[in-house]
Amino acid sequence: MKKDIRFVQGNEAVVEAAMYADLDFFAGYPITPSTEIAELLAYRLPKKGGKFIQMEDELSSMCTIIGASLTGKKVMTATSGPGFSLKQEAIGFAVMTETPCVIVNVQRGGPSTGLPTSGSQGDVMQARWGTHGEHAIIALTASNNQDVFAITVDAFNLSETFRTPVILLLDEVVAHTRERLIMPKPGELNVVKRLRTSVPKGTDYHPYLPREDGRLPMSDFGGVHRYNVTGLAHDMWGFPSNNPKIVYGLMRHLVDKIQGHTKEVTRIKEFFIDDAEYLLISYGSSARTALHVVENRRARGERLGLLELQTLWPFPVDVVQERCASANCVMVVEMNMGQIFYEVKKAVADPQKVFLANQIDGSFITPTDILNILRIIQGKGA
Amino acid sequence: MKKDIRFVQGNEAVVEAAMYADLDFFAGYPITPSTEIAELLAYRLPKKGGKFIQMEDELSSMCTIIGASLTGKKVMTATSGPGFSLKQEAIGFAVMTETPCVIVNVQRGGPSTGLPTSGSQGDVMQARWGTHGEHAIIALTASNNQDVFAITVDAFNLSETFRTPVILLLDEVVAHTRERLIMPKPGELNVVKRLRTSVPKGTDYHPYLPREDGRLPMSDFGGVHRYNVTGLAHDMWGFPSNNPKIVYGLMRHLVDKIQGHTKEVTRIKEFFIDDAEYLLISYGSSARTALHVVENRRARGERLGLLELQTLWPFPVDVVQERCASANCVMVVEMNMGQIFYEVKKAVADPQKVFLANQIDGSFITPTDILNILRIIQGKGA
Amino acid sequence: MAVKDYIRERFFPHIWCPGCGHGTIMGSMIRAIENLGIKKSDIVVISGIGCSSRICGYLDFHTLHTIHGRALAFATGVKLSRPELTVIVPMGDGDAFAIGGNHLIHSARRNIDVTAIIMNNNIYGMTGGQYSPSTRYGDLATTAPYGNIDQPFDFVKLALGAGASFVARTTTYHATSMIKILEKAITHKGFSVVDVLSQCPTYFGRKNKFASPVDMLKYYKSQTTPIGSEAKEKNPDLIERGIFAQEERPEYCVEYDKIIEKASQRKVTNGKV
Amino acid sequence: MAVKDYIRERFFPHIWCPGCGHGTIMGSMIRAIENLGIKKSDIVVISGIGCSSRICGYLDFHTLHTIHGRALAFATGVKLSRPELTVIVPMGDGDAFAIGGNHLIHSARRNIDVTAIIMNNNIYGMTGGQYSPSTRYGDLATTAPYGNIDQPFDFVKLALGAGASFVARTTTYHATSMIKILEKAITHKGFSVVDVLSQCPTYFGRKNKFASPVDMLKYYKSQTTPIGSEAKEKNPDLIERGIFAQEERPEYCVEYDKIIEKASQRKVTNGKV
Amino acid sequence: MTSKENKKPVINIEWCKGCGICVEFCPEDALVLNEMEKSKLVYPEKCNGCGMCELRCPDLAIELR
Amino acid sequence: MTSKENKKPVINIEWCKGCGICVEFCPEDALVLNEMEKSKLVYPEKCNGCGMCELRCPDLAIELR
Amino acid sequence: MERCRILFSGSGGQGVITASIILAEAAVLHEGLNAVQSQSYGPEARGGASRSDVIIADSDIRFPKVIQPNVLVCLTQEAYNKFTDLIRPGGLLLTDSHYVKQEKKVDAKQVELDMYKEVMDKIGKPIVFNICMLGALIELTQLIKQESIMKVLGSRVPAAFLDLNKQALELGQKIAENFDPKNI
Amino acid sequence: MERCRILFSGSGGQGVITASIILAEAAVLHEGLNAVQSQSYGPEARGGASRSDVIIADSDIRFPKVIQPNVLVCLTQEAYNKFTDLIRPGGLLLTDSHYVKQEKKVDAKQVELDMYKEVMDKIGKPIVFNICMLGALIELTQLIKQESIMKVLGSRVPAAFLDLNKQALELGQKIAENFDPKNI
Ligand SMILES: Cc1ncc(C[n+]2csc(CCOP(=O)(O)OP(=O)(O)O)c2C)c(N)n1
Ligand SMILES: Cc1ncc(C[n+]2csc(CCOP(=O)(O)OP(=O)(O)O)c2C)c(N)n1
Ligand code: SF4
Ligand code: SF4
Ligand code: SF4
Ligand code: SF4
Ligand code: SF4
Ligand code: SF4
Ligand SMILES: [Mg+2]
Ligand SMILES: [Mg+2]
C-alpha cells in the first residue's frame, strides 16, 4: 500500500489523529490559533456520524464534552489562552469525576489577549495548576506533525487509561506550520478503547471503586447502570461524602493514579544525549530550534544534545535527572520566562548548572537566540 | 481613646480592613466560604457612598471591578475556588492593563465543588499560575484576624503601588473563625492612595510609560486624559503593538515590577527561629496549628521554630533560603499536597532536608498531625 | 410503580429544610415520569449547584450533579450524544438565570430536546439568602439589606424571547397541574422551560416576612392566576401560570441527523471544506 | 466639530476590510455624538474582542478594549462608579450574544444606563467566519460547512424579553436613521440595545454568495422594512427596523443613589445587618 | 393509575419534617400536627382521598394506601 | 449644523479602500471608482450634496466640504 | 485561668451557635480574655446536627478547634451519642433532660438539667432556651460573668426582648445552682 | 539538493500565500522532498502586507522560519521595502514590475518580470496572477517540476479552472525563460 502523505498544518494533524483515535464528539468555540481544529472537525465528524457543536463559549464547550464523554463517547475540545482560562473550572470537574476528555490548548502570546497570532509557551504552568484545588493532570506536547499525530492519539489513550482529562499543549508555530504528515495506517498505532464495566445489569456497579490494577471501568450514561456523578468529594458510588477517610482515599487516588504512573506517561525524544556536554531541554516548537542548533553544532564537532519532552505533566523528574546527570551544563529552551526551566532545576542534582534560553517578545525563538545565550553561559560574553 | 475591640470572623476582618483602606467599590457573586464578605459590604459600602453590586457571575464581577478601578476607585471582589477559576481570564486582563484591584479567594476543599465548607490551601499554585500567559502576581495571606486586617490593607497598598491585581488568599478556617480584632485607629496603618498623574490637561499623558522609580501614575477614566486600555500587548500609549522591542519591554516590565521587588513585597512573621533545629514553615490557618506545636514543644525545651509566610507570591526565595540555612530540618505545614513545599525545596540549598506535614482529608490540620509526621522525620516511626 | 421506586431511599429524609418547595417539585417530577411510563434507565437528570441541584442524589435515574450554572451545557453533550434519552435539568433560579443564563437562552435558541425545570425560590438558598435574578424589586436578601433594586427577570418572557418552544409556569401549591405541565414539557420535542415557583422558607421566607411555608403557599395560591384569566385583568399584579408556548419547531438533534446525512453523501476532498 | 475631531487619525486608514460595515457604524456613532454635543472627555467607549471591538483604538474618547464577551460587565463598573459619564459599548454579534449573552440580558434587566450597539454581521469576523448566534438557518460558515442548523436569536425579541427599556434595529444602509436611532439610544436613560445589521463582505459575504459589499447593502435595503409597515404584512420574512421599545423605567444608578440615601440614614449596629 | 378514592394517607414520620403544609391545605381538615411536630391523620373518616397532601408534601412523607 | 447643500464630497484617497458603496448608492451617479480603485467625484455637477456617500463610507474617507 | 475548650452541640433550630458566640464575645469584649469560636458548616449544619467550638483563655489561642472539650454541651440525643466520647477526663458534660438521656458514665461531671421544661413552664418562649442553657453554663463553670453576657445581649437583642433574655439567663443560672448531682 | 529558503511577500488579495502552499505541497507530495510553510497571521495579514515562509530540502527541516531567504518574492513596493535587505548573498530577488520598482542593488540575482501585465493581457483574469508568479519562480529556480505543481492544482482547483491555471503557470515559465538580465 502506498504511503498516505499529506501536507498539512499542525492543527490538521491533530484532527487527523483525533479521527484516527475514534473521536466521536467535539464541542468548541473559535479562537486563534486553534480555530482550524474546529473548522475541520465541523466538516469531518458528521461524515462518520460523529457530532460537532459550536457552543456559546468555552465554558459550555468544556461542559458539553464532559456530558458527551459520560455517555461513552470519545471527546475533545480545542482552544487557546483566554479560552483555556475559561475552561478551568470545568476541567476540574472532569478531574474530580474522572471523565476522559482531551483538551487542546494551542498557546499564543499572553497574558490576556496578548499577541493572539504569535507563538508562545506561556501556559505550561497553567496547564498544571489552572484549576482550583489540589489535583494532578496529564499534559502532552509535540514539535512536528508526525509527532503531533502520535501524541494526539496518545492523549486519547492516556485519557481513557487513566480516566482523566488530558491537555494537549501545542503552540501557534506547531499548529500553523504546514509540513509533511505520513498518515499512520489503521492498526499501526495503538488506540485504547473505553474500558467499560463487565458488571451485568442488576448487579451492583461501583463507578468509583478502582479495580486491582487501579483502573475504573465505566458504564455509559443511559446504559444499564444508574449511578451518580458529582463534583463534590464522593464515595465509591459517586455520592457526596465528607467523611475524612473517604476524602483522603479519593484525593490520593486522583493524584496517585497520575503521579504514580509518571513513567508510563512519560514521552521523550533524545538526540545526541549520550556524550552531550551541553544538554538542551526543550519541547513543542522551540524544540525545533533547539534541534536545529544541536545538529548544526554537532556537525562542527561540538557536543550538544537535546532532550525533547513530550510529556510535560506529570513532569518526568527521574528521566530529566538521569539525563542531566552527565552533562556539564543544561539549557532549557522555551518561549516563556522559564516555566519548565524551574521544573528542571528542581529535578536535577546541581541546579546551578541549569540555564534558560528563551524568547518572550512574540517572535519565534531562533537558533541565534539560543547561540547567543549559549555563548554567555560559556563565559564568552555577548 | 478606648480600644475598639470586635469579636468577628476573618471575613469580617477583611471587610473592616477594606473599609479602612478606602474601598469604594465591590462586585461579587456569592460562594461559600467567602459570602460574608459580600453580605457585609452590601450593608457597609452604601453608608459611605460606595458601591456594592452582586453580578450575574464571577467572570462579570471581576470585569466590573476592573472597570470601576479605571475610573479611580479602590475595588475588590471576593470568591472561593470555583469562582476563582472563573475569574482567571479577567485577572490576566488586570495584569496586562496594570489595573489595581484586590481579589479575595477564601480557599475551600477542591478540586471542583469538592468540599465547599472545609478549609484547604489547595489554590496556592493557582493563584500564581491560574491565568494564561507568562506573568507575575502578588498573593498574600494571613492566619488570624489582626493579621488579616493588616494584610488586607497591605493588599490594597501593594495593588496601588505596583498597579497590579493582588490576591488575598485566605482559607475557610481563617475566614470563619471568630476571634478578637482590635480595630486600628485611623492613621495607625499606612493607606496608599491612588497615584494620579500630575500631567495637566492638554499635555501628553502616557498611561504605560513608567516613571524613573518604575511607577505608572494613572489618570481616571472620565478625567482630562483620553487614552486607550487594551488586553493586547501595547505601547506606552496603550495602543496595540506587536513590535518585538515593545513587547519585550512590556513583558519585562510586567514581571520585573513584581519579581524585582520581592523584598519590598515580602511579609513574614518569625517565631523562635534563631536557634531552631526544626524549622516549620507555614501560612494561613495551618500556621496556627504550626505555632501551637512550636510553642508547645518549646515549653518542653525542644528547639522548634516557625517561619510564617504572609507573602506567598512573589515567593520570598531569599528570606526562606536564609532562614532555613541553619535549621537541621525544615517542615512545611500546609493543607494540600505540597504547593509551598516545592517552592521551599527550590529555594533552599539542601532540599533533602525539607519535609511536608500536611492534611488533605478536608479536616483541619491538628497538632497531632504535625507531631506524627515530625516523629517520622525524626526517625521515630509512627 | 410507587414514588419510592424512583428514589434512592437510603438518602432520605432528604437534606432540604422543613417546608422547602424543592421536595414538592421532586415529587411532581417523579409522578410526571411515572405517568408517562418512561423507563428509569432512559432518563438522565442533570443539575448544577444549589439546594435545588441536590435533587440528583435522590433520584434513581442516571444523575449528573455538575457545576454552578452549566448544567444545560452538560445536558447538551448528553442529549446530542444520545438523543434517544430523556434529559431533564432541574435548576435553581440563580443556577439557571444568573450564572447560567447564557446557556439557558442558547439551549432555547437551538431548541435542543431538554426539559429545564426552574426550581424558582427567588433567592440563592444554598449560599444563604442572597438575591437572585428573580428576587423582586424591594425584597430583602442578605446582599440586599436595604431592599433589592434589581429588576427581576420574567423567566417566561425571557425564555420566549430566546426562542424556547415550550414555556410554562406553575407553583408548588398547584401540584396537580404542575404534574400535567411537567408531563407535557417532558414529552415536548424541543427545549422546554418550566418556571416553578418554589418556597424557600428558610431564607426567602424569613427575610421577607413569611411566617411559614404555609404562608408562602397561600401566596402562590392567591397571587397567581391561570393565563388570560379575568382575575388578571382586574389585578395586573397577579402572576400568570399555565402554558405560554408549545410549538413544534425543528429540534436540534433531529437537525443534526440531517447534517450527518448530507455529510455522508459528500466526498472528502483532501481535508478541505 | 468634524468627524475627524473624534478619531485618532494616526491609525487611519483603519484595519477593517474594504466595505466592512463596521466603519459605517463608527461613522454614525461619531455623528450621533456630534449631534448630541457630548464632550469627548465625558464619553467612555468599551468594547470586547472582535473586528468590531477594534473600534476602541480609533475613537478619541476614553476607550477600553477588554476581553471577549465581557464588555458590558466592565461598562457596569465604569457606569456605576461614574454615573455622569456617557458609556457606549459597541459589540460584535458573537461578543454580545454568544459568549457575552448573559451580561447583555443582565444589563437589560438592571436597566443600567449604557448603550449597547450590536455591530451585527451574522458571523465571527475576527476569527475568520464561524457561525454566530445571528447566523441564519442554512447559511454557510467555516464551522457550518453543510449549512447552519442553529436557529438564530432575534436580538430585538431577546433584548425585550430580558427587559431592555430601549430596543431598536437599523442597518448600515440606513445611515441617516441609524444616526437618529443612536442619538435616541445614547440619550435614553436606561439600558439601550441597538441591533445594527453590518456587512462582513470578507467572511459572511464570500461564503454566502454576496459578490460585494454593495450587494449586502442592497440586501439590507430590500429585505428590511420599518416596523409595522404594510410591506411586512405582505412579506413576513422582511426584517423590521426602527425603535421597538423606548420606555422610562427605574435606572440602576439612580436606584443605587436611593440605597445610599437609605443607608446613610441607618446606624451601623455592630456590623450586623 | 388505580383510583385513590378508597385510599388514605399513610405518613412516614421518619421523613415528615412537620412543615404543616398537608395539614393546612387538606380540604377536609383530616390531618393535624402532633406534639412531635409530625403530621397525623387524626380524622380518617373525614379524609376524601383527594391525595393533595401526598402531592404537596415536600418530603415524600405521605403515601395514599 | 450648517447646511450641506452647497457642499460636495472630498475623497481622501489614502483612506478609501474602493469598496464602491458610495458609487453604487449615490442617487445622482456622481461618483465613479477610478483605475486605482478609489472613489472619485467625476460628475460634481450632478452631485446634490445629499451627503449619503459620506454617511455610508465605511472608511470615513469622504467629507462634504 | 486554665484554657477552657467548650463544644456546643445540638440541632439547627436550638440556637446553640448563637449562644456559643455570645459566650465567646462576652469573654473578649467584656472580660479582657481571648476567645475563638468556629462552627461546622456543611450539609450537616442544615437541619441536622450542629456544632460550635469555643476556646477561652487568657493567653493567645493558636489552634482554634476543640478536639477534646473540657466542657461539652449536648442538646440532642444524636449530638450526645456523637460527641460524648470526646470529653476530657474531669470535664463537664451538660445536657438537657428534655432532649437527652445520659446513658453512660464518663470520666466527667455529668449534669442533666431540665432547662427546656423550665423555660416552657416559667417563660413560655422556646426561643430563649439557648440563653437559659448559657445561664446554666456560666453558673456551672464560673467562666464568664452574668453582666458580661448581658452586655453582649444588650448589643444584639432588640430592647424589647432584653428582659426576656435576662429572665432566661437567670433561670438557667438558678437551675444550675440548684443542681444536685445525686439526682442523676 | 541545497536547502532552499523562500520568502513570499505581497498584499492580502494577491494569493501569495496560496501560491507558496502549492509550491511546498508539490515538493512534499510529488517530489519526495521535505518542505515547511508558515505565514504571518495577525492584523497585518488582513488587508496589509502578507508574508509566507517556505523551506524546501531533502533532509529534515527543524527550524521552520525563513530568516535569510535564498529566494525572495516581493509583490508590493511595501513588501519590497520591508524585506529586501534580508536576502542571502547570491540569492534570487523576484518582483513584478507592475507593483514594484527595484530601487537598489543587492548582492543577489535581481529579476523584475512583467507578470501582472502579461496575465492581464494574455489571460485577462487577475486571479491567476499568483500561479503565473509560481511558474516564473520554478523556471528561475528549477526547484520543482511543472507537473508536480499541476498535480497539486488538480487536487485543489475545480476542473473547470484547471486549464486557466495551467495557462498561467506556463505563461510565468515563459516570461522567466525569456528574461534577459540586461533589461534591468
Ligand atoms: C462558580 C460558582 N459560583 C458560586 C457558587 C456558590 N453557589 C452555590 S449554589 C449558589 C446559588 C444557589 O441559588 P439557586 O441556584 O437559586 O439554587 P437554590 O439553592 O436557591 O435552590 C451559589 C451562588 C458555586 N458553587 N460555584
Ligand atoms: C475568550 C475568548 N474566546 C474566543 C476568542 C476569539 N475570538 C475573538 S473575536 C471572536 C468573535 C468575533 O465575532 P464577533 O463578536 O461577531 O465580532 P466581529 O469580528 O464579527 O466584528 C472570537 C471568537 C477570544 N478572543 N477570547
Ligand atoms: S435553604 Fe431554602 S431552598 Fe435551601 S433547602 Fe432550605 S428552604 Fe430549601
Ligand atoms: S473580516 Fe469581516 S468584520 Fe472583520 S474587518 Fe473584514 S469585513 Fe469587517
Ligand atoms: S387525601 Fe385529601 S382529604 Fe385526605 S388527608 Fe390528604 S388532603 Fe386531606
Ligand atoms: S407536608 Fe409532609 S413534611 Fe410537611 S407536615 Fe405534612 S407530612 Fe410532614
Ligand atoms: S465608500 Fe468610501 S471606501 Fe468605499 S469606495 Fe467610497 S470612498 Fe472609498
Ligand atoms: S453627496 Fe449625495 S449626490 Fe453628492 S456624491 Fe455624495 S451621494 Fe452623490
Ligand atoms: Mg434559588
Ligand atoms: Mg460578528
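Heavy-atom basis, side chains included; hydrogens, waters and symmetry copies ignored. We name chains A, B, ... by the order of the sequence lines, and we start the count at 1 in each one.
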**Message:** Counting heavy-atom pairs closer than 4.5 Å to chain B, which one of A/Val95, A/Asn105, A/Thr113 comes out on top?
**Reply:** A/Thr113
**Message:** Looking only at heavy atoms and a cut-off of under 4.5 Å, which of B/Gly362, B/Pro111, B/Gly338, B/Ser85 has the most pairs with chain A?
**Reply:** B/Pro111
**Which portion of B/Leu59 sits near chain A, non-hydrogen atoms under 4.5 angstrom** = side chain
**Request:** Among the options B/Gln88, B/Met125, B/Lys345, B/Met96, pick out the one with the most heavy-atom pairs lying under 4.5 Å from chain A.
**Result:** B/Met125
**Item:** Closest non-hydrogen atom pair, B/Pro116 against A/Leu232
**Value:** CD-CD2, 3.5 Å
**Contacting region of B/Ser241 [heavy-atom separation from chain A under 4.5 Å]** = backbone
**Prompt:** At what distance, to the nearest 0.5 angstrom, does CE of B/Met337 lie from CG of A/Leu254?
**Reply:** 8.0 Å
**Complete:** Note: vs chain B, highest number of non-hydrogen pairs under 4.5 angstrom among A/Gly110, A/Ala90, A/Ala94 is A/Gly110
**Message:** Using heavy-atom distances under 4.5 Å, tell me whether B/Phe84 contacts chain A through its side chain, its backbone, both, or neither.
**Reply:** neither
**Fill in**
Of B/Gly122, B/Gly83, B/Pro82, the largest count of non-hydrogen pairs under 4.5 angstrom with chain A goes to B/Pro82
**Request:** Would you mind telling me which of B/Ala233, B/Gly81, B/Ala136 has the largest number of heavy-atom pairs within less than 4.5 Å of chain A?
**Result:** B/Gly81
**Request:** Heavy atoms only: give me the nearest B/Leu115-A/Asn242 pair and the separation to one decimal.
**Result:** CD2-CB, 3.6 Å
**Request:** Among the options A/Arg108, A/Lys245, A/Arg252, pick out the one with the most heavy-atom pairs lying under 4.5 Å from chain B.
**Result:** A/Arg252
**Item:** Separation of A/Glu343 CD from B/Lys346 NZ (nearest 0.5 Å)
**Value:** 6.5 Å
**Message:** Counting only non-hydrogen atoms closer than 4.5 Å, does B/Val124 touch chain A with its backbone (N, CA, C, O), its side chain (CB onward), both, or neither?
**Reply:** neither
**Fill in**
Separation between OG (B/Ser363) and CG (A/Asn243), nearest 0.5 Å, reads 10.0 Å
**Prompt:** How long is the gap from CD1 on A/Ile246 to CG on B/Asp361, to the nearest 0.5 Å?
**Reply:** 11.5 Å
**Asked** Where do B/Ser112 and A/Gly92 come nearest, in terms of heavy atoms and distance?
**Response** CB-O, 3.6 Å
**Considering all heavy atoms, the nearest B/Met251-A/Ile360 contact** = CG-O, 3.6 Å
**Message:** Applying a heavy-atom distance below 4.5 Å, give me the residues of residues 126-135 of chain B that approach chain A, sorted by number.
**Reply:** B/Gln126, B/Trp129, B/Gly130, B/Thr131, B/His132, B/Gly133, B/Glu134, B/His135
